[in-house]
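Written below as structure tokens is the structure these notes are about.
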Amino acid sequence: HVQLVESGGDSVQTGGSLRLSCSTSGFTLDGYDIGWYRQSPGNECELVSTVNSDDSEYYADSVKGRFIISQDKSKNAVYLQMNMLKSEDTAMYYCAATKTRWVGSRPPPLAESEYNYWGQGTQVTVS
């Protein structure tokens with residue numbers, strides 16, 4: 001069955017870096033879009049970044065230039081490199097998957113409802 005497991009969350013100082021990993025099983029990354037979301041207490045779940053099977057990338061304005069999404073199809077893993085971390089990056093980070101929607105001229109999947117599979121999350125705290 002489909003499973004996504006996040007890891008790499010930690011407590012870091014402002015300006016530091018972290019690399020989150022999303023290990024997937026039950027499907028191959030070819031043919032799927034993978035997104036990273038985050039949610040902090042009292043706030044809505046926010047899409048941070050997404051990547052499709054062609055390695056096209058999308059970033060929220062709040063992380064553009066600081067975060068990098070990548071995938072290793074041989075390991076069925078997707079990563080989120082987070083640099084220049086700010087206190088406002090503090091949140092639970094989730095990876096999510098959906099069968100490819102982002103092809104050709106179609107926009108990347110941005111809404112939570114577009115993703116069918118979710119991990120349990122990994123906590124990032126920046127102070």
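Index from 1, following the sequence.
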Which of M82, K86, R38 passes side chain to side chain contact (heavy atoms under 4.5 Å, CB included) with V63? It is R38
So CD1 of I34 and CG of L4: to nearest 0.5 Å the spacing works out to 6.0 Å
Using the ring of each side chain (for Trp, its six-membered ring), is Y117 parallel, tilted or perpendicular to F27, with breaks at 30° and 60°?
parallel
- Item | K99 atom NZ: more than 12 heavy-atom contacts under 6.0 Å | no
- Donor-acceptor pair, R66 side chain versus M84 backbone, under 3.5 Å? yes
Item to complete: Could you tell me whether a side-chain N or O of T24 sits under 3.5 Å from a main-chain N or O of A77, the two making a donor and an acceptor?
Response: no
L80 side chain reached by S49 side chain, heavy atoms, under 4.5 Å | yes
Exercise. Going by the angle between their ring planes, with limits at 30° and 60°, are F67 and Y93 parallel, tilted or perpendicular?
Worked result: tilted
Run V78 and L29 through side-chain contact (heavy atoms from CB on, under 4.5 Å) and show every step you take. CA-CA 9 Å; V78 179; L29 294 178; 4.1 Å; yes
| field | Student check: side-chain heavy atoms of T50 and W36 closer than 4.5 Å | value | no
When every non-hydrogen atom of Y37 is compared with those of L110, the smallest separation belongs to OH-O, 2.7 Å
Does the side-chain hydrogen bond (donor to acceptor under 3.5 Å, both in side chains) test come out yes or no for S74 and D72, once each step is laid out? CA-CA 5 Å; S74 68; D72 186 335; 2.5 Å; yes
